[in-house]
2 protein chains.
Amino acid sequence: MGATKTEHFTDAQNQIATIAKALGHPARIAILEYLLKVNECICGDIVNELPLAQPTVSQHLKELKNAGIIKGNISGNSICYCIDEKAIEILNTYFLNINQNLLKSKCC
Amino acid sequence: MGATKTEHFTDAQNQIATIAKALGHPARIAILEYLLKVNECICGDIVNELPLAQPTVSQHLKELKNAGIIKGNISGNSICYCIDEKAIEILNTYFLNINQNLLKSKCC
DNA sequence: ACTTTATATCGTAATATTGCAATATTAAAT
DNA sequence: ATTTAATATTGCAATATTACGATATAAAGT
């Protein structure tokens, strides 16, 4: 008990859930929005932006990276992070599709 | 320690994170997709659909409801669940906006 | 009134997440 | 070579989530 039963669900369902889960924390939403704003990929700046300690930010970045939401490239001393378009596009098409199907009918 | 520092983030950031978090589990994605398919709002059927015990499903439904993703209406003996368009639309516009802003430039 | 059916809640074990201090790693700068 | 700067990892405490058996609740059928 206690662990999510991922094996009982489809790959597609697990994929969406994984991406959604990674975005299920305000700090990670804040990171996404900051990366969107500054466009260029910074890392130490993110630590300065957020009200969290450096190891905590590093951990959040790792989770976003594992979910495919951001990319990190070594740039000399520091590491350049940026948004990975693919994950956002997956979410985008997914919810757009749901929204369109919803418009066709109502219930309750 | 251990608890999310929601108070340090904006309401908008917390709202998106809350909705995303609720969708961050394959069972809840499966529920969303089932409700989308059957359109009419059933509940016991969801229990039959999912590979999880009834209390577990009930708990997932509660979380989806708390996040505003589904609605539940009493219908005599049983309870009729259905997707709440509002939350989906919030996600939809949010990620559409991010996607559009991303197209304007690349990095890394 | 009693039973059945449908759903929710409680209690609890297993596991996962959050956050951070301390420490490690790695590359640049001196 | 040593120091500095940037980031990651480790270890751990606090908290949250996941799952389910047992039980409660509430309406419908008998």
Side-chain angles (χ1 to χ4, degrees), chain A residues 1-9 13-14 17-31 34-35 40-67 70-82 108, chain B residues 1-9 13-14 17-31 34-35 40-67 70-82 108:
Chain A
M1 284 178 238
T4 297
K5 293 185 161 182
T6 46
E7 68 276 11
H8 293 316
F9 301 98
Q13 286 168 342
N14 281 313
T18 300
I19 300 173
K21 189 178 184 179
L23 293 174
H25 193 291
R28 296 194 286 267
I29 292 292
I31 291 172
Y34 183 72
L35 282 175
E40 303 270 68
C41 318
I42 307 137
C43 179
D45 287 354
I46 298 173
V47 175
N48 291 334
E49 267 293 296
L50 297 189
L52 296 167
Q54 179 267 320
T56 308
V57 172
S58 195
Q59 199 174 267
H60 283 307
L61 287 170
K62 195 180 176 183
E63 271 173 82
L64 286 168
K65 202 174 159 191
N66 286 343
I70 63 173
K71 292 182 284 192
N73 288 63
I74 297 168
S75 164
N77 205 10
S78 55
I79 289 176
C80 167
Y81 280 107
C82 61
C108 288
Chain B
M1 285 178 236
T4 298
K5 292 185 160 183
T6 46
E7 68 277 11
H8 293 316
F9 302 97
Q13 286 168 342
N14 281 313
T18 299
I19 299 174
K21 189 178 186 180
L23 293 174
H25 191 291
R28 294 194 288 267
I29 292 293
I31 291 171
Y34 183 71
L35 282 175
E40 304 270 67
C41 318
I42 307 137
C43 177
D45 288 352
I46 298 173
V47 175
N48 291 334
E49 266 292 295
L50 296 189
L52 296 168
Q54 180 267 320
T56 309
V57 172
S58 194
Q59 201 173 265
H60 283 307
L61 288 170
K62 194 180 176 184
E63 270 173 82
L64 285 169
K65 202 174 160 191
N66 285 343
I70 63 172
K71 292 181 284 190
N73 288 63
I74 298 169
S75 164
N77 205 11
S78 55
I79 289 174
C80 167
Y81 278 106
C82 62
C108 287

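Within every chain, numbering begins at 1; the chains are lettered A, B, ... in the order of the sequence lines, protein sequences first and strands thereafter. Just so it is clear, the model here is predicted, and its values are computed rather than measured.
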K.L.:
Which whole-number value in Å describes the distance from A:N77 CG to C:dA27 C1'?
P.N.:
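Atom-to-atom, A:N77 to C:dA27, this comes out as 5 Å.
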
K.L.:
In this structure, how many angstroms lie between the P atom of D:dA5 and the CG atom of A:D45, rounded?
P.N.:
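Nearest whole value for this atom pair: 16 Å.
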
K.L.:
Hey, what do you get for CG (A:N73) to SG (A:C82), rounding to the nearest 0.5 Å?
P.N.:
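The CG atom of A:N73 sits 6.0 Å away from the SG atom of A:C82.
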
K.L.:
First locate atom CG of B:L52, then atom CZ of A:F9, and finally report the distance between them rounded to the nearest 0.5 Å.
P.N.:
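Here the rounded value is 4.5 Å.
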
K.L.:
Round to the nearest Å and state the distance from B:K5 atom NZ to D:dT15 atom P.
P.N.:
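Interatomic distance, NZ of B:K5 to P of D:dT15: 13 Å.
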
K.L.:
When you get a sec, tell me which of C:dA6, C:dA27, D:dA8 is the closest nucleotide to the side chain of A:I79?
P.N.:
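From the listed options, D:dA8 comes nearest.
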
K.L.:
Please list residues of residues 54-63 of chain B whose heavy atoms come under 4.0 Å from any atom in DNA chain D, ordered by number; otherwise none.
P.N.:
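Only B:P55, B:T56, B:Q59, B:H60, B:E63 qualify.
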
K.L.:
Can you name the nearest heavy-atom pair linking B:A17 to A:P26, along with the distance?
P.N.:
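Heavy-atom minimum between the residues: CB-N, 3.5 Å.
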
K.L.:
For B:I74, answer base if it contacts any base atom (sugar-phosphate contacts may also be present), sugar-phosphate if it contacts only those atoms, and nothing otherwise; contact means non-hydrogen atoms under 4.0 Å.
P.N.:
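It contacts nothing in the nucleic acid.
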
K.L.:
Please report the distance, rounded to the nearest Å, between CG in A:N73 and C1' in D:dT7.
P.N.:
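Result: 15 Å.
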
K.L.:
Could you grab the distance from atom CG of A:N66 to atom CG of A:L61, nearest 0.5 Å is fine?
P.N.:
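Between atom CG of A:N66 and atom CG of A:L61 there are 11.0 Å.
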
K.L.:
Nearest-nucleotide wise, let me know which of B:L52 and A:K65 is further upstream toward the 5' end of DNA chain D.
P.N.:
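Closer to the 5' end of DNA chain D: A:K65.
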
K.L.:
Enter the distance from A:Q13:CD to B:R28:CZ here, rounded to the nearest 0.5 Å.
P.N.:
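Spacing of CD (A:Q13) from CZ (B:R28) equals 13.0 Å.
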
K.L.:
Return the residues of residues 20-31 of chain B meeting this criterion: a heavy atom under 4.0 Å from some atom of DNA chain D. Order them by number, or give none.
P.N.:
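DNA chain D contact set from residues 20-31 of chain B: B:K21, B:H25, B:R28.
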
K.L.:
So A:H25 and A:H60, would you call those rings parallel, tilted or perpendicular, with 30° and 60° as cut-offs?
P.N.:
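Tilted: the ring planes of A:H25 and A:H60 meet at 30° to 60°.
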
K.L.:
Any chance you could measure A:K5, atom NZ, to B:L50, atom CG, to the nearest 0.5 Å?
P.N.:
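Separation between the atoms: 11.0 Å.
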
K.L.:
Where each residue is assigned the nucleotide of DNA chain C containing its nearest heavy atom, which of B:T4 and A:T4 is assigned the position nearer the 5′ end?
P.N.:
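Here A:T4 is the residue nearer the 5' end.
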
K.L.:
Which distance, rounded to the nearest 0.5 Å, do you find between the SG of A:C43 and the CD1 of A:I74?
P.N.:
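The SG atom of A:C43 sits 11.5 Å away from the CD1 atom of A:I74.
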
K.L.:
At under 4.0 Å, does any side-chain N or O of B:Y81 touch on OP1 or OP2 of C:dA6?
P.N.:
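Result: no.
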
K.L.:
For A:Q54, is there any backbone N or O sitting under 3.5 Å from a side-chain donor or acceptor partner on A:S58?
P.N.:
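No, the answer is negative, given that no donor and acceptor are paired below the 3.5 Å cut-off.
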
K.L.:
Can you tell me the distance, in whole Å, between the CD atom of A:E7 and the P atom of C:dT15?
P.N.:
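It is 13 Å, rounded to the nearest whole Å.
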
K.L.:
For B:N66 and D:dT17, what is the distance between atoms CG and P respectively, to the nearest whole Å?
P.N.:
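Roughly 11 Å, once rounded to whole Å.
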
K.L.:
Give the rounded distance in Å between these two atoms: CG of B:L50 and P of D:dT18.
P.N.:
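Whole-Å distance recorded here is 14 Å.
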
K.L.:
In whole Å, I'd like the distance from the CD1 atom of A:I70 to the P atom of D:dT7.
P.N.:
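In whole Å, D:dT7 P and A:I70 CD1 are 12 Å from each other.
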
